[in-house]
There are 2 protein chains.
Amino acid sequence: MATSRLRDVAARAGVSIRTVSNVVNGYAPVSDETRSRVEKAVAELDYRPNLLARNLKQGRTGMLALVVPELDVPYFSELARAVVTTARHHGYTVVIDQTDGEPDRERELITRGASAALFDGVILSPLALSPADLADRDASAPLVLLGERIADSRYDHVAIDNVTAAREATGHLLGLGRTRVAAVGDQPYETGETAQLRTRGYRQAHADHGREVDESLIVGTRRFHHADGARAMAALLDHPDGPPDAVFCYNDLLALGALRTLLSRGVRVPDDIAVAGFDDIEAGRYHTPTLTTVSPDKATIARLAVDRLIARLGDRPDEPPAELWAPHRLVPRESTTGPALRPTDVAARPGQAGH
Amino acid sequence: MATSRLRDVAARAGVSIRTVSNVVNGYAPVSDETRSRVEKAVAELDYRPNLLARNLKQGRTGMLALVVPELDVPYFSELARAVVTTARHHGYTVVIDQTDGEPDRERELITRGASAALFDGVILSPLALSPADLADRDASAPLVLLGERIADSRYDHVAIDNVTAAREATGHLLGLGRTRVAAVGDQPYETGETAQLRTRGYRQAHADHGREVDESLIVGTRRFHHADGARAMAALLDHPDGPPDAVFCYNDLLALGALRTLLSRGVRVPDDIAVAGFDDIEAGRYHTPTLTTVSPDKATIARLAVDRLIARLGDRPDEPPAELWAPHRLVPRESTTGPALRPTDVAARPGQAGH
DNA sequence: TCAGCGTATTGCAACGATGCACAGGCGGCA
DNA sequence: TGCCGCCTGTGCATCGTTGCAATACGCTGA
């Protein structure tokens, strides 16, 4: 059956279009008799409002866009889940799109998609976007940035304290008595301000412990995937001064990749080399050894971003851009402390009883 | 700046609204002089077409919806990536939504969202939806179903041959000489037709090898997450007849969860117990041991689904519903064959900085 | 000079819905 | 009896865009 319109329902019920609209939306007072006649017609014609038309008229869509570089990177998919859930509580639907880190794609999404009235607001986790790209943008739909990049822009911005987090993670390794702690995941500024911040924290931790940084132990990776970590670890094992005795990876995928290289070569973790990651993805909690990591509070990140967006859409459209910080915590697990210390860590998993 | 409209651009350029529209869309012939004047005004006002209005007028949105139960389950996020990529080649944007397996949510999305003209088509991976729910649906926007459920419905449907795949995986384990092969992930029909099919394949493999199925080795799980697999494996280790010597898990998360239980208890894999999974998620390729699994061809699944949808949107709207099958293959890795057999299975090769 | 034609530009209606303000009918009260 | 006001229900304009078809214009050829 072709989609029916208010007009069709009105004709069938013998009332005006306007009255049908009132019944559907429960706006104005409608007599019981008219109401039931309209409802009958609605049911018979299987009428459903055309949201495109409604949204056009109302000037809002009830949809938020979440733009992330890669959906199949667990950090992003876990974050996406949090955002979707939070937004739903506010009555918003979240649509997700991935950019594959292509600047064109990111640009297109924030301009075409967002300021084209399709979305009421946008949450963007930029990977390849420069400040210039953003400045360029017409601010028709509010935008909240996730992560570190472009912190100086005119947009709201949610992040964790990457420097401190990296400092804590590195400090944890140094505190275990490791003397040669490598860093895996460094990136040049253009593509990875976040990486830069973590490197800064890595350096600070060394300073805290009165240690020199061995620059040759800072390994860059092009991306943050398993393969990059595995490759970087292999390179570190061939280090001219011998392998390091600990590795801080800038995310958990790198760390799991590094672990693969180590374990498949018979290196003992953490006895020979301790490994720490970043993001606290679920896979790390079930790996053997379980993965020590920095756990950003994803639920809070999602909440801050969504709340902010909704505030701008509602009664506070003109507040100055804010920098919002979400908490994080270091979660020591077997990959640094060994199995003895936390034998039941695997059991830990947030309950998911219904609701 | 408030969003500008065709009207504003027209006023500024001193031409009619219609001409601006023509310039923007490149439709009708426009003199170079007029064109440049309009383009100047467009730039000055930072005009961008209101897609809501355009879509309303044109009756299409260029957006497809992908509805999956859980985004942070790697199988779905990897599939989502494939769908997004494929659709982009056809000029469609994919918006993703997750249902958390809630029937209400799934229902809402396919009815409200889809038949409300927001999306041109929907790809749905249903978890909790009954045939009745679907029958109920007005077929305003084409729908393609992923996975096994509701195969008898009036919709296009893309799946892999789960029975054969499970049979091959189980056969692989039996072929290795294992005699007590457990199955983890069975579910009652209402929530898991896919699980039922895999159990059927598991039984067939036993028949192939002339073996009885020990019903007590078939373990049900409520969901398909790490935790479920870890729990099920723990239960199997306490089996009254002693642990099994192989386990076929109905997805990779279950398998990785099972591996966690085994490895943390010092059980040797695959020497003592071999483990196989299903889905071929990236994490399994970097686990130690690497995970033997059934690899569904996600790219083909995505392609079949998107192509089908687009065919219906285009010149073949009225073809009868089809059952489309995507290939799969068994990928033996260390968790069943041991490291000796495939020492270089891990993607990473030593050395190689940058690229 | 004018019919004839192609090019450039325009006005009007429509997509399907909602905001606003008012029309019609009824009962209550003076 | 007549006026007022409430309760229902409605018409019109509008959101920003595009489809259609007509207009205005300039140029060619006879």
Side-chain angles (χ1 to χ4, degrees), chain A residues 1-39 41-42 45-62 112-120 138 140-141, chain B residues 1-39 41-42 45-62 112 115-120 138 140-141:
Chain A
M1 167 195 320
T3 33
S4 49
R5 299 150 299 170
L6 277 184
R7 183 190 310 175
D8 306 318
V9 179
R12 182 172 195 109
V15 295
S16 77
I17 292 184
R18 192 58 252 220
T19 297
V20 179
S21 173
N22 286 337
V23 169
V24 170
N25 294 290
Y27 277 177
V30 177
S31 74
D32 289 349
E33 200 254 322
T34 307
R35 172 182 311 281
S36 66
R37 217 170 55 239
V38 170
E39 280 168 349
V42 164
L45 294 177
D46 193 24
Y47 167 78
R48 265 179 298 255
N50 180 318
L51 294 187
L52 235 42
R54 173 181 290 175
N55 293 340
L56 172 62
K57 182 65 183 151
Q58 296 188 328
R60 61 180 295 275
T61 64
R112 287 219 186 283
S115 66
L118 279 185
F119 309 117
D120 293 339
D138 179 15
S140 52
Chain B
M1 169 194 321
T3 32
S4 49
R5 299 150 298 171
L6 278 184
R7 182 189 310 173
D8 305 318
V9 179
R12 182 173 195 107
V15 297
S16 77
I17 291 184
R18 192 56 249 224
T19 297
V20 179
S21 173
N22 286 338
V23 170
V24 169
N25 294 291
Y27 275 175
V30 177
S31 74
D32 289 349
E33 199 255 323
T34 307
R35 173 183 310 282
S36 66
R37 219 172 54 239
V38 169
E39 280 168 349
V42 164
L45 294 176
D46 192 26
Y47 168 77
R48 267 180 295 257
N50 181 317
L51 294 186
L52 235 41
R54 174 181 289 176
N55 292 340
L56 171 62
K57 182 65 184 161
Q58 296 188 331
R60 62 180 293 277
T61 64
R112 284 213 194 285
S115 65
L118 280 186
F119 309 116
D120 294 339
D138 179 13
S140 51

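Naming convention: chains lettered A, B, ... in sequence-line order (proteins, then strands); numbering from 1 in each chain. Just so it is clear, the model here is predicted, and its values are computed rather than measured.
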Requested in this report: Begin from the C-alpha positions of B/Val23 and B/Glu39 and carry the test side-chain contact (heavy atoms from CB on, under 4.5 Å) through to its verdict.
Outcome: CA-CA 8 Å; B/Val23 170; B/Glu39 280 168 349; 4.1 Å; yes

Report summary line: Taken to the nearest 0.5 Å, the spacing of B/Arg54 CZ from B/Arg60 CZ works out to 10.5 Å

Query raised in the report: Hey, does B/Asp8 have a side-chain heavy atom less than 4.5 Å from the side chain of B/Arg5?
Result: yes

Query raised in the report: Under 4.0 Å between a side-chain N/O of A/Thr34 and OP1 or OP2 of D/dT8, yes or no?
Result: no

N/O contacts under 3.5 Å, protein versus nucleotides 15-17 of chain D?
| from | atom 1 | to | atom 2 | distance (Å) |
| --- | --- | --- | --- | --- |
| D/dG16 | OP2 | B/Arg5 | NH1 | 3.3 |
| D/dT17 | OP1 | B/Tyr47 | OH | 2.4 |
| D/dT17 | OP1 | B/Asn50 | N | 3.1 |
| D/dT17 | OP2 | B/Leu6 | N | 2.6 |

Query - Reported CZ-to-CG distance for the pair B/Phe119 and A/Leu52, which is rounded to 0.5 angstrom - result: 10.0 Å

Query raised in the report: Looking at CG of B/Asp120 and CG of B/Asn55, how far apart are the two atoms once the value is rounded to the nearest 0.5 Å?
Result: 8.0 Å

Report summary line: Interatomic distance, CG@A/Leu56 vs NZ@B/Lys57, rounded to 0.5 Å, equals 12.0 Å

Query raised in the report: Is a side-chain donor or acceptor of A/Thr61 paired with a backbone partner of A/Leu118 at a separation under 3.5 angstrom?
Result: yes

Query raised in the report: For B/Arg18 and D/dT23, what is the distance between atoms CZ and P respectively, to the nearest whole Å?
Result: 17 Å

Requested in this report: First locate atom OG of A/Ser21, then atom CD1 of A/Ile17, and finally report the distance between them rounded to the nearest 0.5 Å.
Outcome: 9.5 Å

Report task. Give the first and the last nucleotide of DNA chain C, reading 5' to 3', that has any atom under 4.0 Å from a heavy atom of chain A. Result -> C/dC15 to C/dC20

Query raised in the report: Hey, does the side chain of A/Thr19 come within less than 4.0 Å of D/dG9's phosphate (OP1/OP2), counting only N and O?
Result: no

